Amino acid sequence: MAEPRSIVVLTGAGISRESGLHTFRDADGIWATVKIEDVATPEAFRRNPIRVQEFYNTRRRKLVSNEIAPNPAHLALAEFEAGWPGAFLLVTQNIDDLHERAGSRNLIHMHGEMLKARCDRCGNIVECRADLLVETPCAACGELGVMRPHVVWFGEMPFEMDRIYAALEACDLFVSIGTSGNVYPAAGFVQSARMAGARTVELNLEPSEGATLFEEAIYGPAGTLVPDWFGTLARDGMA
């Protein structure tokens with residue numbers, strides 16, 4: 001098979017789990033201990049902003065701590081991108097910054113970024129590495145009580161979907177890494193790639209809910225699979 005000209009990679013919580021960050025949907029994941037409707041919807045923020053802010057503040061503190069760092073899977077994707085001569089787009093469902101820390105450049109955070117905050121009134125986006133409080137004013141409009149994590153909550157539209165679908169329609173290789181396969185629209189990306197005639201590959205700890213939609217699947221830890229698979233691709237094209 002010919003070497004791909006355009007590659008789209010999707011990553012999910014499984015790739016960051018090996019860096020010490022909790023997934024959402026595993027039996028011991030975040031949604032097993034806290035209700036989505038209490039912390040991850042616009043209604044929750046309006047109803048109890050203090051609780052929502054503290055939920056994200058706790059996660060932000062861990063992300064910026066010294067105990068969290070990119071793992072070999074993050075590093076392998078960044079190294080591959082740097083040396084690949086064709087088009088490459090990394091789409092992540094993760095709101096951490098581990099891909100950036102590893103060196104990834106052509107990157108879309110479709111579900112937002114934990115280390116940014118956004119004004120719900122004027123839309124201004126700022127870096128946010130410390131706790132976000134209800135009393136935190138917007139630096140642009142000065143309003144209080146309107147700064148929220150720059151993340152996509154349930155019921156909201158993911159970011160940059162037009163750009164993502166354009167890339168999927170043009171790609172000839174789609175690789176999904178560490179995803180559950182049950183969160184849409186990302187779970188449907190494999191079908192969009194297949195319709196475009198792309199080769200589809202799943203690299204995951206275990207079969208996702210959409211595993212049967214992929215032409216190929218390899219299972220095991222991302223920190224082992226991703227460096228091996230993308231190293232082979234870099235050397236041998238579509239081998």
Side-chain angles (χ1 to χ4, degrees), residues 8-34 36 39-40 55-82 88-116 127-129 149-154 158-160 164 174-187 189 201-211 217-230:
V8 176
V9 175
L10 172 68
T11 64
I15 197 171
S16 292
R17 182 175 187 172
E18 293 175 41
S19 289
L21 295 176
H22 290 299
T23 62
F24 285 90
R25 296 178 181 277
D26 286 343
D28 60 347
I30 293 171
W31 299 143
T33 60
V34 65
I36 290 170
V39 296
F55 172 75
Y56 286 96
N57 287 340
T58 299
R59 298 185 61 207
R60 190 182 299 107
R61 290 178 207 132
K62 181 166 186 177
L63 180 58
V64 300
S65 70
N66 292 331
E67 62 186 271
I68 303 299
N71 64 57
H74 295 105
L75 297 169
L77 287 172
E79 181 180 0
F80 178 85
E81 178 189 0
F88 181 89
L89 177 64
L90 176 56
V91 180
T92 187
Q93 297 173 274
N94 300 332
I95 59 177
D96 60 63
D97 67 336
L98 296 180
H99 282 304
E100 286 93 338
R101 286 196 231 173
S104 291
R105 293 292 177 261
N106 198 18
L107 172 66
I108 293 176
H109 280 274
M110 64 178 293
H111 291 161
E113 301 176 65
M114 172 62 67
L115 300 185
K116 291 183 180 179
E127 182 179 0
C128 180
R129 302 184 66 87
H150 183 52
V151 300
V152 175
W153 285 327
F154 287 86
F159 299 132
E160 299 198 58
I164 292 171
F174 172 73
V175 185
S176 177
I177 303 169
T179 66
S180 63
N182 61 4
V183 179
Y184 285 83
F189 289 174
V201 181
E202 175 170 88
L203 306 179
N204 217 354
L205 187 61
E206 57 189 17
S208 69
E209 289 193 15
I218 306 174
Y219 299 113
T224 300
L225 291 186
V226 174
D228 288 350
W229 198 89
F230 278 90

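Computed from a predicted model, the values in this text were never measured in an experiment.
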Query raised in the report: Where the side chain of T92 meets the backbone of H109, is there a donor-acceptor pair that is under 3.5 Å apart?
Result: no

Query - Which residues share a salt bridge (Lys or Arg N to Asp or Glu O under 4.0 Å) with E209, sequence neighbours left out - result: none

Query - Between OG1 on residue T179 and CG on residue L203, distance to nearest 0.5 Å - result: 10.0 Å

Query raised in the report: Is the side chain of N94 donor-acceptor paired with the backbone N or O of A13 at a distance under 3.5 Å, no angle test?
Result: yes

Query - Heavy-atom side-chain proximity of F189 to V8 below 4.5 angstrom - result: no

Requested in this report: Look only at the side chain of H111 and the backbone of Q93, and say whether a donor-acceptor pair between them is shorter than 3.5 Å.
Outcome: yes

Query raised in the report: What orientation do H99 and H74 show, parallel under 30°, tilted 30 to 60°, or perpendicular over 60°?
Result: perpendicular

**Report entry** Gap between atom CG of L107 and atom OG1 of T11 - 0.5 Å precision
**Finding:** 7.5 Å

Requested in this report: Considering non-hydrogen atoms only, spot the tightest contact between P227 and A222 and give its length.
Outcome: CD-O, 3.5 Å

Query - Between S208 and E202: side-chain donor-acceptor atoms closer than 3.5 Å - result: yes

Query raised in the report: Do you know which two heavy atoms are closest between A187 and G181, and how far apart they sit?
Result: CB-O, 3.4 Å

Query - N/O donor-acceptor pair under 3.5 Å between D97 side chain and E113 backbone - result: no

Query raised in the report: Looking only at heavy atoms, what is the nearest atom pair of P185 and P158, with distance?
Result: CD-CG, 3.7 Å

**Report entry** Atom pair CD1 (I15) and CG (L98), whose distance is rounded to the nearest 0.5 Å
**Finding:** 9.0 Å

Report task. Can you measure from CZ (F154) to CD1 (I36) and round to the nearest 0.5 angstrom? Result -> 3.5 Å

Query raised in the report: Where does the angle between the aromatic ring planes of F80 and F230 fall among parallel (under 30°), tilted (30 to 60°) and perpendicular (over 60°)?
Result: perpendicular

Report task. Report yes or no: does E81 contribute a side-chain atom to a donor-acceptor pair with the main-chain N or O of N106 at less than 3.5 Å? Result -> yes

Report task. Looking only at non-hydrogen atoms, find the nearest pair between A40 and W153 and report the distance. Result -> O-CB, 3.2 Å

Query - Separation of I218 CD1 from I177 CD1 (nearest 0.5 Å) - result: 10.5 Å

Query raised in the report: CD/E160 to CG/L89 distance, rounded to the nearest 0.5 angstrom?
Result: 8.5 Å

Query raised in the report: Is the backbone of N71 close enough, under 3.5 Å, to the side chain of E18 for a donor and an acceptor to pair up by distance?
Result: no

**Report entry** For the student: nearest non-hydrogen atoms of S19 and P70, plus distance
**Finding:** OG-C, 3.8 Å

Requested in this report: Determine the minimum heavy-atom distance between H150 and F159, stating which atoms define it.
Outcome: CE1-CZ, 3.6 Å

Query raised in the report: Hey, is NZ on K62 packed in by over 12 heavy atoms from elsewhere, all under 6.0 Å?
Result: yes

Requested in this report: Return yes when atom CD of E100 has more than 12 non-hydrogen atoms of other residues, nucleotides or ligands closer than 6.0 Å, and no otherwise.
Outcome: yes

